[in-house]
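On a predicted model such as this, the values are computed, not experimentally measured, just so you know. In what follows, every chain begins at residue 1, and chains take the letters A, B, ... in the order their sequences are listed. The analysis underlying the following values was restricted to heavy atoms, covering all of them including side chains, and did not include hydrogens, waters or symmetry mates.
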Number of protein chains: 2
Amino acid sequence: MVSDEALRGAGLRVTQPRVAVLDAVAAHPHADTDSIIVAAREHLPALSHQAVYDSLRTLTKSGLIRRIKPSGSVARYETRIGDNHHHVVCRSCGAIADVDCAHGAAPCLTPSNHHGFVVDEAEVIYWGTCPACTSTHPQPERNGHV
Amino acid sequence: MVSDEALRGAGLRVTQPRVAVLDAVAAHPHADTDSIIVAAREHLPALSHQAVYDSLRTLTKSGLIRRIKPSGSVARYETRIGDNHHHVVCRSCGAIADVDCAHGAAPCLTPSNHHGFVVDEAEVIYWGTCPACTSTHPQPERNGHV
DNA sequence: ACCCGTTCTTGAATGATTCAAGAAAAGAAC
DNA sequence: GTTCTTTTCTTGAATCATTCAAGAACGGGT
């Protein structure tokens, strides 16, 4: 029901697929599309994957959910929006955790030289190894970043 | 020739494909794989795409080049490494420009709450609109980020 | 010059995401 | 409540960057 209002508030039609997808994303933070499809089908078995892709895009464009897509990972989604938090991603298992913005307010970063670009967002991804993978220490593959 | 030494210095075998790829990346900063294939084939017409993929991965893992992969874009590469700079990406045309790190030293950011992750890198991507697209102002598609 | 292990070529496979066309449903009007 | 119009969903196929696999070719140390 809270999803209904969120959709209506964003000026979107309240359809069963959208409600199911929004609920699924809220229940599974950082879930990938496939997990969302599975989760949403628990409430709506006949849901097509295309409807999920469409819904995710629409919800993202409306700002109800946020898309995260670290290199080497498929798209992931979350409902925690508007607080400009960032993410830590594990290089070996792909686990994602939220990290509060070190500076508090959005945008938390301002490029020193923006080459004439109009910047509206600073996306930060911290790369490392999660606690579980640190203990079993498999060799992670780097991106070449510093 | 400088590529030969770079490869040797990284403990890699100096093969024609690797030299051609490294030169191509150096000559075309932020180029995608396909552009690199085309550029490398100017010096080595028989080069296979697989060799380019292999070379790019090896070079990246050895730290000779850096892989960038903004959401919605294919992988891109650059030879400017070790200075921890970041990137501005245009939402409408995908153009990429370098941005010096606002804080100077690497890692330039430290997450306030790292959830037990061992963080070795902070990757920053600024999203916005490039000068060319700003003047023709097509409507860019946001990611839902702040 | 030879040999071994790495790397390259060729060609097919993978898989997340998108495209396309018609059917169904949402919301507004009657 | 019914009808209409537009949006959205279902079905099914297509795309395309990237990876996998097997055998040939090459790099570099002896």
Examine dT18(D): is either OP1 or OP2 under 4.0 Å from a nitrogen or oxygen in the side chain of R57(B)? Give yes or no.
no

On the nucleotide dT19(D), are OP1 or OP2 found under 4.0 Å from the side-chain N or O atoms that Y53(B) carries?
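False: Y53(B) side-chain N/O out of range (4.0 Å or more) of dT19(D) OP1/OP2.
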
With distance as the sole criterion, do the side chain of Q50(A) and the base of dC19(C) form a donor-acceptor contact below 3.5 Å?
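Check passes, donor-acceptor contact within cut-off.
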
Which sits closer to the 5' end of DNA chain C, A46(B) or V14(A), going by the nucleotide each is nearest to?
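The 5'-side residue here is A46(B).
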
Are E121(A) and R91(B) close enough for a salt bridge, meaning some N to O gap below 4.0 Å?
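Looking at E121(A) and R91(B), the cut-off is met.
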
Under 4.0 Å between a Lys/Arg side-chain N and an Asp/Glu carboxylate O for R80(A) and D100(A)?
yes

Considering all heavy atoms of both residues, which atom of V99(A) and which atom of H85(A) are nearest to each other, and what is their separation?
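Shortest heavy-atom contact: O-CB, 3.4 Å.
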
State whether the side chain of [X] and the backbone N or O of [Y] hold a donor-acceptor pair below 3.5 Å, judged by distance alone.
| X | Y | result |
| --- | --- | --- |
| S62(B) | L59(B) | no |
| S35(B) | A31(B) | no |
| R76(A) | K69(A) | no |

Whole-Å gap separating C1' (dG28(D)) and CG (L7(B))
14 Å

Between P of dT17(C) and NE2 of H49(A), the distance in whole Å:
12 Å

Residues touching DNA chain D, which here means a heavy atom under 4.0 Å, drawn from residues 37-45 of chain B:
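Going residue by residue through residues 37-45 of chain B, none turns out to have a heavy atom under 4.0 Å of DNA chain D.
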
At 10 degrees resolution, what angle do the end axes of the helix from dA1(C)-dT30(D) to dC30(C)-dG1(D) form when each is taken over five base pairs?
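Rounded value for the end-axis angle: 40°.
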
From dT10(D), dG28(D), dT18(D), nucleotide with atom closest to L47(A) side chain
dT10(D)

Going 5' to 3' through nucleotides 1-7 of chain C, assign each nucleotide B (protein heavy atom under 4.0 Å from a base atom), S (under 4.0 Å only from sugar-phosphate atoms) or - (no protein heavy atom that close).
----BBS

